[in-house]
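These notes concern the structure reproduced below.
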Amino acid sequence: MTTVVIIDDEIALTELFSDLFKLENIDVVAVGYDGNQAVELCSKHNPDFLLLDLSMPEFDGFYALEKLQNSTTKIIVTTGLVDENILNQLNQFPILSIQNKPVNFDEVLKVMAPI
């Protein structure tokens, strides 16, 4: 079964994604709310995918991207902050996909489909 960790500081969004993934038989192994938890939860669970928000207080998504560069987990970034500077920063990381907020869940599933 495909596994995923969801990281976003918007609790309602993590709950929505958790419910939607469960309907698709994708195992949500953990949910976190900042970049530090992303690192801890990915290290602990080694999920197939990480759904990662960029803009979070204290430890943001870039913190997690720095720490998880050598991870085998495929990273899907979700963000409302899409501009040339952000895209240039993201290009230095092994990211599977960048999904603009509001995130289209069907698009996320398409990205995850090959596994």
Side-chain angles (χ1 to χ4, degrees):
M1 179 181 277
T2 301
T3 58
V4 64
V5 167
I6 303 169
I7 304 294
D8 198 304
D9 61 326
E10 294 179 49
I11 294 171
L13 192 59
T14 63
E15 291 172 351
L16 175 64
F17 273 118
S18 292
D19 291 344
L20 291 170
F21 281 129
K22 287 174 187 168
L23 290 172
E24 297 293 331
N25 292 319
I26 295 171
D27 188 15
V28 178
V29 294
V31 174
Y33 307 101
D34 69 28
N36 189 50
Q37 288 179 332
V39 175
E40 291 172 0
L41 294 171
C42 284
S43 296
K44 179 178 180 182
H45 297 284
N46 194 28
D48 297 314
F49 294 96
L50 168 62
L51 195 65
L52 177 68
D53 184 24
L54 276 187
S55 179
M56 295 174 284
E58 202 165 342
F59 295 99
D60 64 7
F62 285 106
Y63 174 86
L65 289 169
E66 284 282 339
K67 301 289 184 188
L68 295 171
Q69 286 191 68
N70 297 319
S71 172
T72 59
T73 298
K74 295 171 184 68
I75 301 171
I76 301 170
V77 168
T78 62
T79 184
L81 307 171
V82 179
D83 65 27
E84 190 174 334
N85 183 41
I86 296 288
L87 291 174
N88 286 337
Q89 286 178 289
L90 290 173
N91 280 336
Q92 59 188 304
F93 299 106
I95 297 170
L96 178 63
S97 175
I98 300 169
Q99 299 290 320
N100 296 329
K101 286 186 174 183
V103 175
N104 180 325
F105 187 69
D106 290 333
E107 291 299 317
V108 172
L109 290 178
K110 284 180 191 174
V111 170
M112 295 172 76
I115 198 161

So if you build clusters from Ile, Leu, Val, Met, Phe, Trp, Tyr with side-chain heavy-atom gaps below 4.5 Å, do Leu16 and Ile11 land together?
yes
Residues passing the ring-ring contact (aromatic ring centres under 6.0 Å, His included) test with Phe59, sequence neighbours excluded, are Tyr63
For the CG atom of Asp53 and the CD1 atom of Ile6, what is their distance to the nearest 0.5 Å?
12.0 Å
Same apolar cluster (I L V M F W Y, side chains within < 4.5 Å links), Leu51/Leu90
no
Kindly write out the residues that satisfy side chain to side chain donor-acceptor pair (under 3.5 Å) with Ser18, not counting sequence neighbours, or none if the list is empty.
none
Using the rule that Ile, Leu, Val, Met, Phe, Trp and Tyr join whenever any side-chain heavy atoms are under 4.5 Å apart, tell me whether Tyr33 and Phe62 fall into a single cluster.
no
Less than 4.5 Å apart, any side-chain heavy atom of Ile98 and any of Leu87?
yes
According to side chain to side chain donor-acceptor pair (under 3.5 Å), who are the partners of Glu107, at least two apart in sequence or on a separate chain?
Lys110
Tell me whether Ile75 shares a hydrophobic cluster with Val29, the cluster being built from Ile, Leu, Val, Met, Phe, Trp, Tyr side chains joined at under 4.5 Å.
yes
Could you name each residue pair satisfying side chain to side chain donor-acceptor pair (under 3.5 Å) that touches residues 81-97, not counting sequence neighbours?
Ser97-Gln99
With ring pair (Phe, Tyr, Trp, His ring centres under 6.0 Å) as the rule and sequence neighbours excluded, what pairs involving residues 94-113 come up?
Phe17-Phe105, Phe21-Phe105
Closest approach of Cys42 to Thr73 (non-hydrogen atoms, all atoms of both residues)
SG-CG2, 4.5 Å
Salt bridge (Lys or Arg N to Asp or Glu O under 4.0 Å): which pairs involve residues 3-23, sequence neighbours left out?
Asp8-Lys101, Glu10-Lys101
Donor-acceptor contact present, side-chain Thr2 to main-chain Ile26, <3.5 Å
no
Residue set satisfying side-chain contact (heavy atoms from CB on, under 4.5 Å) with Leu96, at least two apart, ordered chain then number -> Phe49, Lys74, Ile76, Val111
State, with a plain yes or no, whether a side-chain heavy atom of Leu52 is found less than 4.5 Å away from one of Ile95.
no
Between Asp48 and Thr3, is there a donor-acceptor pair closer than 3.5 Å when you use the side chain of the first and the backbone of the second?
yes
Could you report the tightest heavy-atom contact between Ala38 and Ala64, atom names first, then the distance?
CB-CB, 3.8 Å
With ring pair (Phe, Tyr, Trp, His ring centres under 6.0 Å) as the rule and sequence neighbours excluded, what pairs involving residues 71-103 come up?
none
Under the side chain to side chain donor-acceptor pair (under 3.5 Å) rule, collect the residues that match up with Thr79, sequence neighbours excluded.
none
Looking only at heavy atoms, the pair that brings Asp106 and Asn104 closest together is N-OD1, 2.9 Å
Residues which pass side chain to side chain donor-acceptor pair (under 3.5 Å) with Glu24, listed by chain and number, not counting sequence neighbours:
none
Same cluster or not: Leu109 versus Leu13, using hydrophobic residues (I, L, V, M, F, W, Y) connected whenever any side-chain heavy atoms lie under 4.5 Å apart?
yes
According to the salt bridge (Lys or Arg N to Asp or Glu O under 4.0 Å) rule, which pairs have a member within residues 26-45, sequence neighbours left out?
none
What verdict does the side chain to side chain contact (heavy atoms under 4.5 Å, CB included) test give for Leu54 and Leu65, after you've listed the backbone C-alpha separation in whole Å, the side-chain angles of each residue and the deciding distance to 0.1 Å?
CA-CA 9 Å; Leu54 276 187; Leu65 289 169; 4.1 Å; yes
